[in-house]
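Worksheet: one structure, shown below.
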Amino acid sequence: MIWKRWARAESSDTETAVAAPVEATPAPASPAAASVATVDAMSTRPAFLESLWREPAPSARATPLPRFSASASDDVENEDGESNIARRRLALRDALGASQPVIGRDGFAGRHDALSQLIQAIEQQRVHVVIYGERGIGKTSLVHVFAETAREARYLVLYGSCGTEAEFSAMFRSFASRIPRLYHRSVLPNSPEAERGDNLDIMLGETFGPRELADLFAEVTGTRVIIILDEYDRVLDPGFRRDVAELIKNLSDRAARVQLVLTGVAQNLDELIGYAPSIRRNIVGLPMRPLNSGEVRELVGIGENAAELHYSEEAIGMITAMAGGSPYLVRLLAHHAGLTALEGRRSLVDESDGRIAVERVLTDWNASLPRRVQASLGREEAREQWPLLVASARAGSSADGFFGVEDVFTELGGSTPQAGIERDLKRFSNPHDLLELHDLGGELRFRFRYPGVSALLLMSAAMARITA
Ligand SMILES: Nc1ncnc2c1ncn2[C@@H]1O[C@H](COP(=O)(O)OP(=O)(O)OP(=O)(O)O)[C@@H](O)[C@H]1O
Ligand SMILES: [Mg+2]
């Protein structure tokens with residue numbers, strides 16, 4: 001959670017800004033932010049926010065039930081205006097839909113530096129790599145494109161996604177079962193073992209640990225193997241992480257032709273792999289940074305080509321500012337903006353489409369929050385304290401989301417009395433309200449009960465500045 005940095009991105013060139021989004025989760029974990037929010041800009045609540053809290057209009061009886069907008073058959077012959085639009089909507093969804101990682105080069109924008117560092121670490125330095133960064137910043141997409149590239153160079157690439165219950169021997173037995181036994185030094189090409197099509201797993205004992213596995217992998221010859229462990233941060237068992245560190249150490253000591261690439265949500269290397277000095281020499285950490293404006297443009301360009309649209313400079317500027325370098329948000333906003341233009345039968349996507357896109361995203365985020373949270377956020381007291389809540393969202397941008405009265409005081413510009421801030425924050429800290437309050441030995445620490453709320457506040461604040 002480094003949303004504060006987003007909000008300050010314009011004020012400091014040295015700060016990096018990253019994103020933290022998830023689609024299809026109950027609460028959005030991704031804010032947008034761009035420029036510095038002044039207290040002035042926050043002091044009036046932007047009019048568009050009202051639409052967030054408006055009850056949906058009762059649907060008129062005469063309104064026909066919704067229908068699909070396109071036929072499921074791929075037949076687009078004799079297309080009329082309607083089906084042309086429908087086709088372009090689908091093309092836009094395929095190009096910019098934000099719920100899936102990119103799996104091939106066609107939909108992948110930018111990241112030349114990250115890809116080349118990754119290739120260099122694997123090919124030249126022969127080390128293991130840990131890719132880390134905020135949620136939704138593009139780690140999985142990068143490893144998929146990397147895997148495609150490595151396979152072209154005849155690497156054997158094995159991909160696995162870690163779950164909370166990941167268990168070392170089960171996971172690595174499954175990897176071993178995808179490596180042909182033919183690549184074991186002891187197996188000759190025309191031998192019965194090779195011809196049977198066995199895989200390395202049958203050479204593993206009933207139980208094995210990282211040492212036994214490294215012994216086996218050290219015998220791999222005739223290819224190079226890359227094992228990708230995606231979502232490594234999700235693993236709960238410290239024993240699993242210890243075993244992986246031990247495996248990395250043993251593979252490195254034996255100069256094995258098997259390399260690991262780990263990815264996970266983290267702000268630094270230690271957070272992901274723990275303090276492991278014994279393997280520091282053998283791994284390279286690759287932090288994922290936010291997309292720069294050229295990369296945002298490239299990503300929007302993929303949508304433009306697919307759906308025969310053109311995004312105006314202003315629209316791209318708005319998407320860039322609101323997305324704060326998150327590829328997820330770029331896609332989400334550019335997709336919505338493009339759809340709005342297509343709905344209006346236009347091929348030019350302009351700033352007003354961008355604005356509608358932001359409002360839709362905010363409304364969707366709000367709707368994805370639990371009803372109780374929506375109600376807390378929409379009540380008059382919260383609306384009145386909107387600047388305080390936005391400042392709190394900024395203040396809560398540390399890794400664990402906690403903040404104190406003083407942090408909010410700073411975010412508000414340092415002139416609001418701290419006692420008043422404390423009193424107001426406490427008003428939002430009742431059970432089931434927006435904030436949690438922890439008293440750590442006399443020191444008050446607050447945190448948003450749902451991260452999605454701070455995401456919403458930050459994006460709405462960024463929007464307020466743009467519409468101001
Ligand atoms: N270079 C890129 N070009 C185009 N789209 C991208 C790129 N990187 C990421 N995306 C898009 O951003 C979204 C998030 O990407 P991805 O799932 O790869 O992130 P992640 O860091 O693995 O997320 P998580 O932390 O949730 O695992 C996806 O919709 C993906 O399509
Ligand atoms: Mg991922």
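In listed order, ligands and their atoms are each counted from 1. Just so you know, these numbers use all the heavy atoms, side chains as well, and skip hydrogens, waters and symmetry mates.
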Any N or O of [X] that comes nearer than 3.5 Å to an N or O of ligand 1?
{"X": "R135", "result": "yes"}
{"X": "I137", "result": "yes"}
{"X": "F108", "result": "no"}

Note to self: Just to check, does G136 reach to within less than 4.0 Å of ligand 1 when the distance is taken from its heavy atoms?
What the structure shows: yes
Check: So, the side chain of N250 versus the backbone of E246: is there a donor-acceptor pair under 3.5 Å, distance only?
Finding: yes
What closest approach, in Å, do [X] and [Y] show between heavy atoms, and which atom pair accounts for it?
{"X": "L425", "Y": "S392", "value": "CD2-OG, 3.4 Å"}
{"X": "L369", "Y": "Q374", "value": "O-NE2, 2.8 Å"}
{"X": "E298", "Y": "F108", "value": "OE2-O, 4.0 Å"}
{"X": "R135", "Y": "V265", "value": "NH2-CG2, 3.5 Å"}

Note to self: Between F208 and R173, is there a side-chain heavy-atom distance shorter than 4.5 Å?
What the structure shows: yes
Examine the proximity of ligand 1 to [X] and report which part, side chain or backbone, both or neither, has a heavy atom under 4.0 Å away.
{"X": "R331", "value": "side chain"}
{"X": "V265", "value": "side chain"}
{"X": "L299", "value": "side chain"}
{"X": "R111", "value": "side chain"}

Checklist line | Numbered atoms of ligand 1 (with element) below 4.0 Å of G107, judged on heavy atoms | finding: 3 (N), 4 (C)
Checklist line | Ligand-side contact atoms (ligand 1) for residue partner S141, heavy atom cut-off under 4.0 Å | finding: 8 (N), 9 (C), 10 (N), 15 (O), 16 (P), 18 (O), 30 (C)
Item checked: N, O or S of T140 under 2.8 Å from the Mg ion (ligand 2) -> yes
Checklist line | Positive for side-chain hydrogen bond (donor to acceptor under 3.5 Å, both in side chains) with S347, one of R88, H310, E308 | finding: R88
Notebook entry, point to check: Which one of A98, A109, A95 has a non-hydrogen atom at the shortest distance from atom 2 (C) of ligand 1?
Noted result: A109
Notebook entry, point to check: Can we call the ring centroids of Y159 and H144 under 6.0 Å apart?
Noted result: yes
